[in-house]
Amino acid sequence: MIITLPANFDMNANLGYLTREKNECMYEIESDIITKVIAIGEMQSLVQISVIDNQQMVVQFLNDSRPIEKWEREKIVTYIHEWFDLDNDLTPFYEMANSDPLLQIPAQKFYGLRVIGIPDLFEALCWGVLGQQINLAFAHTLKRQFVESFGDSIEWKSKKYWVFPPYERIAQLEPTDLAAIKMTVKKSEYIIGIARLMASGELSKDQLMNMNFKEAERSLIKIRGIGPWTANYVLMRCLRFQTAFPIDDVGLINSIKTLRNMNRKPTKEEILALSIPWKNWESYATFYLWRVLY
DNA sequence: GTCCAGGATGGGC
DNA sequence: GCCCATCATGGA
């Protein structure tokens with residue numbers, strides 16, 4: 001299966017992001033080939049993804065002798081488009097970034113990088129909650145323990161490829177069931193609460209996609225455990241609102257501090273002033289600035 | 001041993 | 001509305 005890639009796409013830049021953390025459990029990358037289970041509802045497909053000349057993405061189905069049906073191929077293609085933000089034309093972003101004092105260098109250094117998405121809403125929300133107020137390395141450890149405790153896996157060539165735990169399953173747990181994982185009791189409560197909202201139908205990606213940015217942000221922040229940072233993180237990486245802007249993010253703050261050679265952290269007001277030229281591209285600006293340090 | 005990490009909550013004022 | 005203690009563990 002072949003996916004034609006858009007302009008301004010560079011797989012090396014995207015692989016640079018995807019391989020920055022060795023302890024990632026949702027995919028594996030070896031020799032620039034991504035192996036991952038793409039799970040959508042009941043469907044679970046183990047695929048390998050590689051890119052030729054930044055022109056074509058090749059998707060191969062593994063561990064699956066049965067014929068792959070058309071609807072399944074279409075779902076996979078849609079998922080990959082969302083994952084790599086393939087339907088987005090980055091030309092205006094680069095035009096803006098090339099004259100921006102903060103973005104100029106990152107935009108050149110990471111040219112072709114997309115805001116790598118987390119198309120599954122529950123996975124995106126959990127990853128946001130897990131990452132609150134801890135370093136990224138520990139966040140990945142927590143995610144791995146959570147996924148390997150409650151997720152399914154597909155084995156291929158004696159390696160396991162994991163599926164993120166479905167919200168239906170997590171909705172039935174109690175915080176004590178998560179005690180073995182070294183996350184705070186509150187985070188356990190938040191994740192179970194989110195799973196229950198999704199299981200009851202009160203929270204879904206479709207509903208949020210039908211809202212404008214402010215409505216979606218408000219309805220996310222109303223949920224216990226989701227504050228401004230997590231809401232904007234999910235709006236950025238799952239719902240693909242380009243104006244999503246996790247301004248409280250410590251990584252963003254430290255990146256700006258480094259780029260501007262400051263001996264203190266920039267204030268929120270200073271970051272707001274710097275971000276005025278980024279209008280409608282705040283999420284891309286944030287993602288590129290993250291890459292400066294992480 | 002110290003400091004801080006891709007924050008959020010609930011309380012006091 | 002703003003400020004602050006608390007959560008609570010690992011990584012550097």
Side-chain angles (χ1 to χ4, degrees), chain A residues 16-26 102-103 106 110 113-118 121 123-149 175-176 178-197 203 217-241 243-259 262-269 271-272 274-275 278 282-294:
Chain A
Y17 173 80
L18 290 168
T19 55
R20 78 199 192 292
E21 170 59 51
K22 301 283 171 252
N23 197 19
E24 172 60 53
C25 62
M26 297 309 295
L102 272 181
L103 296 177
F110 304 111
L113 173 68
R114 305 268 155 169
V115 170
I116 302 297
I118 306 175
L121 177 64
E123 182 181 341
L125 286 165
C126 287
W127 179 232
V129 170
L130 282 177
Q132 291 167 4
Q133 186 56 20
I134 57 174
N135 61 64
L136 267 176
F138 183 37
H140 279 94
T141 301
L142 287 181
K143 181 167 82 165
R144 178 180 288 280
Q145 289 175 347
F146 180 66
V147 168
E148 294 186 354
S149 299
T176 51
L178 296 174
I181 302 169
K182 303 265 187 210
M183 71 171 118
T184 63
V185 178
K186 279 180 194 264
K187 283 188 182 177
S188 304
E189 292 171 0
Y190 298 161
I191 284 173
I192 293 169
I194 289 164
R196 289 178 180 170
L197 282 176
L203 172 66
E217 185 187 32
R218 267 197 297 273
S219 57
L220 281 172
I221 289 176
K222 269 192 286 184
I223 298 168
R224 189 171 138 79
I226 300 179
W229 178 85
T230 309
N232 278 272
Y233 185 85
V234 170
L235 290 165
M236 165 180 171
R237 294 203 61 195
C238 181
L239 301 161
R240 292 249 172 244
F241 282 97
T243 51
F245 190 28
I247 191 167
D248 312 300
D249 183 85
V250 69
L252 177 70
I253 293 168
N254 285 333
S255 178
I256 293 173
K257 179 183 173 214
T258 301
L259 286 172
M262 302 168 74
N263 57 11
R264 60 169 176 85
K265 290 183 174 182
T267 65
K268 191 169 181 174
E269 290 68 30
I271 298 177
L272 271 175
L274 290 167
S275 71
W278 309 344
E282 288 89 342
S283 64
Y284 262 84
T286 303
F287 206 71
Y288 272 67
L289 290 173
W290 277 345
R291 287 298 286 130
V292 173
L293 292 185
Y294 304 106

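Note that this is a predicted model, so its numbers are computed, not measured. So that the names make sense, note that chain A is the first sequence line, chain B the second, and so on, each numbered from 1.
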What is the separation between atom [atom1] on [X] and atom [atom2] on [N], rounded to the nearest whole Å?
| X | N | atom1 | atom2 | answer |
| --- | --- | --- | --- | --- |
| A:Lys186 | C:dT9 | NZ | P | 14 Å |
| A:Lys265 | B:dC4 | NZ | P | 7 Å |
| A:Ile181 | C:dG10 | CD1 | C1' | 16 Å |
| A:Met183 | B:dA8 | CE | P | 16 Å |
| A:Leu220 | B:dT9 | CG | C1' | 17 Å |
| A:Gln133 | B:dC4 | CD | C1' | 8 Å |
| A:Ile134 | C:dT6 | CD1 | P | 21 Å |
| A:Leu178 | C:dA8 | CG | P | 13 Å |

Considering only [options], which nucleotide approaches the side chain of [X] most closely?
| X | options | value |
| --- | --- | --- |
| A:Arg224 | B:dG7, B:dG10, C:dG11 | B:dG10 |
| A:Thr184 | C:dA8, C:dG11, B:dG7 | C:dA8 |
| A:Phe138 | C:dG10, B:dT9, B:dA5 | C:dG10 |
| A:Thr141 | B:dA5, B:dA8, C:dG11 | C:dG11 |
| A:Lys182 | B:dA5, C:dT9, C:dA8 | C:dT9 |

Any A:Leu178 side-chain heavy atom under 4.5 Å of A:Phe146 side chain: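 Yes, close enough: below the 4.5 Å cut-off.
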Pairwise side-chain contact, A:Ile253 with A:Pro266, heavy-atom cut-off 4.5 Å (strictly under):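 Side-chain contact under 4.5 Å: yes.
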Below 4.0 Å: OP1/OP2 of B:dA5 and any side-chain N or O of A:Asn254: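 It does, given that an N or O in the side chain of A:Asn254 lies less than 4.0 Å from OP1 or OP2 of B:dA5.
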Pair A:Glu282-A:Ser275, side-chain donor/acceptor within less than 3.5 Å: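 No donor-acceptor contact under 3.5 Å links the two side chains.
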Base, sugar-phosphate or nothing for [X]? Non-hydrogen atoms, less than 4.0 Å.
| X | result |
| --- | --- |
| A:Gln132 | sugar-phosphate |
| A:Leu142 | nothing |
| A:Ile223 | sugar-phosphate |
| A:Val185 | sugar-phosphate |
| A:Pro246 | nothing |

Face-on cation placement of A:Arg20 at A:Tyr17 ring, 6.0 Å and 45° thresholds: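 Yes.
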Which atom of A:Arg237 lies closest to which atom of A:Trp127, heavy atoms considered: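 Answer, listing the atom of A:Arg237 first, then A:Trp127: NH1-NE1, 4.0 Å.
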Opposite nucleotide pairing with C:dT9, Watson-Crick or G-U, both atom distances under 3.5 Å: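 Check on C:dT9: paired to B:dA5, both distances under 3.5 Å.
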Nearest-nucleotide comparison on DNA chain B, the residue closer to the 5′ end among A:Trp127 and A:Gly225: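 Between the two, 5'-proximity favours A:Trp127.
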Verdict with reasoning, A:Glu24 to A:Lys143, per salt bridge (Lys or Arg N to Asp or Glu O under 4.0 Å): CA-CA 8 Å; A:Glu24 172 60 53; A:Lys143 181 167 82 165; 2.9 Å; yes
